[in-house]
2 protein chains.
Amino acid sequence: MSRTPHHPTREQIELPMVLDCLSDPTRLAIVYQLAQQERVSSELRCGDFNALSGKSNLAYHFAKLRECGLMQTRIVGTSRLMRLRREDLEARFPGLLDAVIKSAAKDADRLQLMSECDVVEVD
Amino acid sequence: MSRTPHHPTREQIELPMVLDCLSDPTRLAIVYQLAQQERVSSELRCGDFNALSGKSNLAYHFAKLRECGLMQTRIVGTSRLMRLRREDLEARFPGLLDAVIKSAAKDADRLQLMSECDVVEVD
DNA sequence: TCGATAGTTCAATAAACATTGAACATAGGA
DNA sequence: TCCTATGTTCAATGTTTATTGAACTATCGA
């Protein structure tokens with residue numbers, strides 16, 4: 001297990017990879033939830049997404065989201081804290097992330113996004 | 001060959017399908033070129049994209065773009081005229097298409113988009 | 001030091017995808 | 001009516017993808 005997962009630099013973020021990442025319902029739900037959380041803490045743990053799929057499948061999607069530059073992972077103890085790379089994405093593709101998140105919000109009932117109460121805040 | 005290709009209604013357009021369609025470099029180039037063309041005529045023929053790939057492969061991508069609701073095809077003689085479903089997309093996912101096209105324009109050198117002069121206008 | 005917790009990695013599987021060429025369908029012009 | 005131009009459809013191929021469970025690694029607390 002590498003100490004720090006690999007992340008692309010801002011300039012290495014590619015549009016087709018980002019769109020492909022966002023096109024998967026599970027990953028879109030992850031990104032959406034991270035965006036919702038931004039108002040509160042901007043970071044979530046892997047376990048906060050357990051309602052979406054099994055652990056190993058989530059790890060697969062987390063890796064994809066990291067590799068395409070959508071999110072960043074920080075290791076803290078036995079947990080990994082993840083956040084959206086908002087600034088980098090906004091610099092590379094202005095308005096794109098917001099447009100996707102707003103579109104997802106509009107279709108929240110169609111997409112199997114987690115409900116707000118599925119995310120339990122740790123005190 | 002069916003007389004009129006199938007197109008989804010506005011409400012049937014789904015976000016993951018649209019993002020998946022746009023994540024393919026060939027399809028992104030098609031959409032980009034259609035967007036560029038909008039200033040002039042808003043419609044292009046299949047043959048105008050021959051520089052991107054072979055005919056049968058293009059037909060495959062055209063079908064995907066139609067099925068996800070990104071573009072509309074109109075049969076005229078032996079040609080098919082295609083245009084972006086801008087209004088429908090704007091109604092379903094406000095700002096999304098523009099954000100993608102602007103992002104593609106920013107990365108025009110990385111993405112193998114066709115140069116303007118590859119598209120030959122018919123008098 | 002032992003056990004529990006949090007995630008990742010690996011191998012296997014089935015499904016979806018992009019690409020190719022050949023065959024086909026349709027319409028227009030000589 | 002035949003030939004050509006324009007695209008689509010079909011079958012075959014190899015690649016990528018998502019998903020699963022089992023094995024593994026690392027950290028924390030008792």
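Within every chain, numbering begins at 1; the chains are lettered A, B, ... in the order of the sequence lines, protein sequences first and strands thereafter.
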Are His7(A) and Arg66(A) linked by a side-chain donor-acceptor pair shorter than 3.5 Å?
no

Run Arg92(B) and Glu87(B) through salt bridge (charged side-chain N to carboxylate O under 4.0 Å, His left out) and show every step you take.
CA-CA 9 Å; Arg92(B) 290 282 286 122; Glu87(B) 291 196 358; over 6 Å; no

Given atom NE2 of His61(A) and atom P of dT8(C), what is their separation to the nearest angstrom?
13 Å

Closer than 4.0 Å, any side-chain N/O of Lys55(A) to the OP1 or OP2 of dT9(C)?
no

Atom of Ala91(B), atom of Lys106(A) and distance for their closest heavy-atom approach
O-NZ, 2.8 Å

Nearest heavy atoms of Ser23(A) and Asp20(B), plus distance in Å
CB-N, 3.3 Å

Let me know the distance between CD1 of Ile75(A) and P of dA26(D), rounded to the nearest Å.
11 Å

Can a donor-acceptor pair be found between the side chains of Thr73(B) and Arg80(B) at a distance below 3.5 Å?
no

Locate the shortest heavy-atom distance separating Glu14(A) from Phe93(A); write the atom from each residue and the value.
C-CZ, 3.9 Å

Which nucleotide sits closest to the side chain of Ser79(B): dT9(D), dG7(C), dT6(D)?
dT6(D)

Identify which nucleotide among dT9(C), dT19(D), dC17(C) has an atom closest to any side-chain atom of Asp20(B), counting heavy atoms from C-beta outward.
dC17(C)

Find the distance Phe49(A):CZ to dT8(C):C1' and express it as a whole number of Å.
17 Å

Under 4.0 Å between a side-chain N or O of Arg66(B) and OP1 or OP2 of dT8(D)?
yes

Could you state the atom-to-atom distance from NZ of Lys64(A) to C1' of dT8(C) in whole Å?
16 Å

Would you name the heavy atoms of Tyr32(B) and Ile101(B) that are closest together and state the gap between them?
CE1-O, 3.9 Å

Given dT8(D), dT19(C), dT8(C), identify the nucleotide with an atom nearest to the side chain of Thr26(B).
dT19(C)

Pair Asp98(B)-Arg86(B), salt bridge (charged side-chain N to carboxylate O under 4.0 Å, His left out): steps then yes or no
CA-CA 9 Å; Asp98(B) 276 336; Arg86(B) 244 195 199 288; 3.2 Å; yes

Can you tell me how far C1' of dT8(D) sits from CZ of Phe62(B), to the nearest Å?
11 Å

Rounding to an integer number of Å, can you tell me how far Leu81(B) CG sits from dA5(D) C1'?
15 Å

Output the rounded distance in Å from CG (Leu19(B)) to P (dT17(D)).
16 Å

Which whole-number value in Å describes the distance from Arg74(B) CZ to dT6(D) C1'?
16 Å

So which protein N/O to nucleotides 20-23 of chain D N/O distances come out below 3.5 Å?
| residue | atom | partner | partner atom | Å |
| --- | --- | --- | --- | --- |
| dG21(D) | N7 | Ser56(A) | OG | 3.3 |
| dG21(D) | O6 | Ser56(A) | OG | 3.2 |

For nucleotides 28-30 of chain D, which of its nitrogen or oxygen atoms have a protein nitrogen or oxygen under 3.5 Å away, and what is each distance?
none

With the threshold set at 4.0 Å, does a side-chain nitrogen-carboxylate oxygen contact exist between Arg85(A) and Glu90(A)?
no

